[in-house]
Amino acid sequence: MQRKQCNSVARGAEIALVIEKANFMDAFLKIYLPLFFVVFILLVFVVPSVRVYRQTGINPFRFATKHDEAHDYIGASMKVFILLLLTSVLLYSLSGTAYQYLVPFTYMQTNGLKITGLLLGHVSLLFIIIAQYQMRQSWRIGIDFENRTQLITKGLFSISRNPIYVGLLAALAGFFLVLPNALTLAVLFAAYIILHVTMRLEEGFLQKQHGAAYVNYRKKVRRLI
């Protein structure tokens, strides 16, 4: 009898500890996620854009240039993805009731997956920053139809033709693991499709601009990993 009571007490203590850890993680993420999201946007889009503009006088944001409707549509889609992810973060942080409308996958809401997602997000951010630095003045958001850019083949670009897109997809996967719900899953799948379309458009453009040099590069290095 005493053993059963001891086992029950031990199990109760274990459950209480798990709940306490989950509550701590939840409280931490409600504060940290909005901050990380803002920092991510700044480091991935704003800071390199300002750097390239100061060095070249060229606005690296090349969507909405009216050169290609499909290309401009991709730019608009990316803005929507950012807004949807921001919505998910804000609902999670500010209103647990409203967040339920995003249909969270409760069976995936474990500390292990959340920590994995956080690690993936931070590693992806570092990966993207390194790739952008290696592109230097050639970095663009979209296709630059007006200014010739250098073909970058060294560094991370020697193992992937699109390391920045690899980082973005990994970051979105990490984001989904931290906030697993129908909206973040939809954004992950939609972004995967949109980025693949983007890569194909860019490949066609780069082949026209760099000719045989790009063809040889494409034969040696994979599109992603």
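Everything quoted here is computed from the prediction, not taken from an experiment. The analysis underlying the following values was restricted to heavy atoms, covering all of them including side chains, and did not include hydrogens, waters or symmetry mates.
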If you round to the nearest 0.5 Å, how far is [atom2] of [Y] from [atom1] of [X]?
| X | Y | atom1 | atom2 | value |
| --- | --- | --- | --- | --- |
| L224 | I159 | CG | CD1 | 11.5 Å |
| F105 | L102 | CZ | CG | 10.0 Å |
| T198 | I141 | OG1 | CD1 | 12.0 Å |
| L90 | L33 | CG | CG | 10.5 Å |
| R62 | D144 | CZ | CG | 4.0 Å |
| L172 | L177 | CG | CG | 11.0 Å |

Is it true that a side-chain atom of [X] and a backbone atom of [Y] form a donor plus acceptor pair closer than 3.5 Å?
| X | Y | value |
| --- | --- | --- |
| N162 | R223 | yes |
| S138 | Q150 | yes |
| S124 | L120 | yes |
| T184 | N181 | yes |
| Q134 | L156 | yes |
| Q132 | V44 | yes |
| H210 | L206 | no |

Heavy-atom pair of closest approach, residues [X] and [Y]:
| X | Y | answer |
| --- | --- | --- |
| S88 | L183 | CB-CD2, 4.2 Å |
| A191 | F81 | CA-CE1, 3.7 Å |
| S77 | I194 | OG-CD1, 4.2 Å |
| N147 | Q209 | O-NE2, 4.2 Å |
| Q137 | R140 | O-NH1, 2.7 Å |
| L168 | L195 | CB-CD1, 4.5 Å |

Is the shortest heavy-atom distance from the side chain of [X] to the side chain of [Y] under 4.5 Å?
| X | Y | result |
| --- | --- | --- |
| S93 | I31 | no |
| V221 | F157 | no |
| F176 | M108 | yes |
| Q100 | L91 | no |
| P180 | L185 | no |
| I152 | R136 | no |
| Y214 | T153 | no |
| I128 | V166 | no |

Answer yes if [X] and [Y] sit in the same cluster of Ile, Leu, Val, Met, Phe, Trp and Tyr residues linked by side chain heavy atoms under 4.5 Å apart, and no otherwise.
| X | Y | answer |
| --- | --- | --- |
| Y192 | V178 | yes |
| L35 | L119 | no |
| V103 | L113 | no |
| I225 | I130 | yes |
| Y32 | I41 | yes |

Worksheet item: What residues join V50 in its hydrophobic cluster, counting side-chain heavy atom gaps under 4.5 Å, either direct or through other members?
Response: V38, L42, V46
Worksheet item: Who else is in the cluster with Y101 when I, L, V, M, F, W and Y are joined by side-chain contacts under 4.5 Å?
Response: none
Worksheet item: Is the shortest side-chain N to carboxylate O distance from R161 to E203 below 4.0 Å?
Response: yes
Worksheet item: How far apart are the C-alpha atoms of S160 and Y165, what are their side-chain angles, what is the distance that settles it, and do they pass the side chain to side chain contact (heavy atoms under 4.5 Å, CB included) test?
Response: CA-CA 10 Å; S160 171; Y165 293 152; over 6 Å; no
Worksheet item: With a distance cut-off below 6.0 Å to the six-membered ring centre and an angular limit of 45° from the axis, does R51 pair with Y53 as a cation-pi contact?
Response: no
Worksheet item: Parallel, tilted or perpendicular: which fits the ring planes of F145 and F205, with parallel below 30° and perpendicular above 60°?
Response: perpendicular
Item to complete: Check the surroundings of atom CZ in R222: do more than 12 heavy atoms from other residues, nucleotides or ligands lie under 6.0 Å from it?
Response: no
Discussion item. Looking at R148, I want to see if its CZ is surrounded by more than 12 non-hydrogen atoms of other residues, nucleotides or ligands under 6.0 Å.
Written reply: yes
Worksheet entry | Q207 versus Y217, side-chain donor and acceptor atoms under 3.5 Å | no
Worksheet item: Is the distance between the ring centroids of H122 and F36 less than 6.0 Å?
Response: yes
Worksheet item: Under 6.0 Å between ring centres, would you say that holds for F45 and F40?
Response: no
Fill in: Check against side chain to side chain contact (heavy atoms under 4.5 Å, CB included), M135 and I164
CA-CA 10 Å; M135 287 194 75; I164 294 176; 3.8 Å; yes
Item to complete: Using the side chain to side chain contact (heavy atoms under 4.5 Å, CB included) rule, take Y99 and L179 through it: C-alpha gap first, then chi angles, then the decisive distance, then the call.
Response: CA-CA 10 Å; Y99 179 71; L179 292 183; 3.8 Å; yes
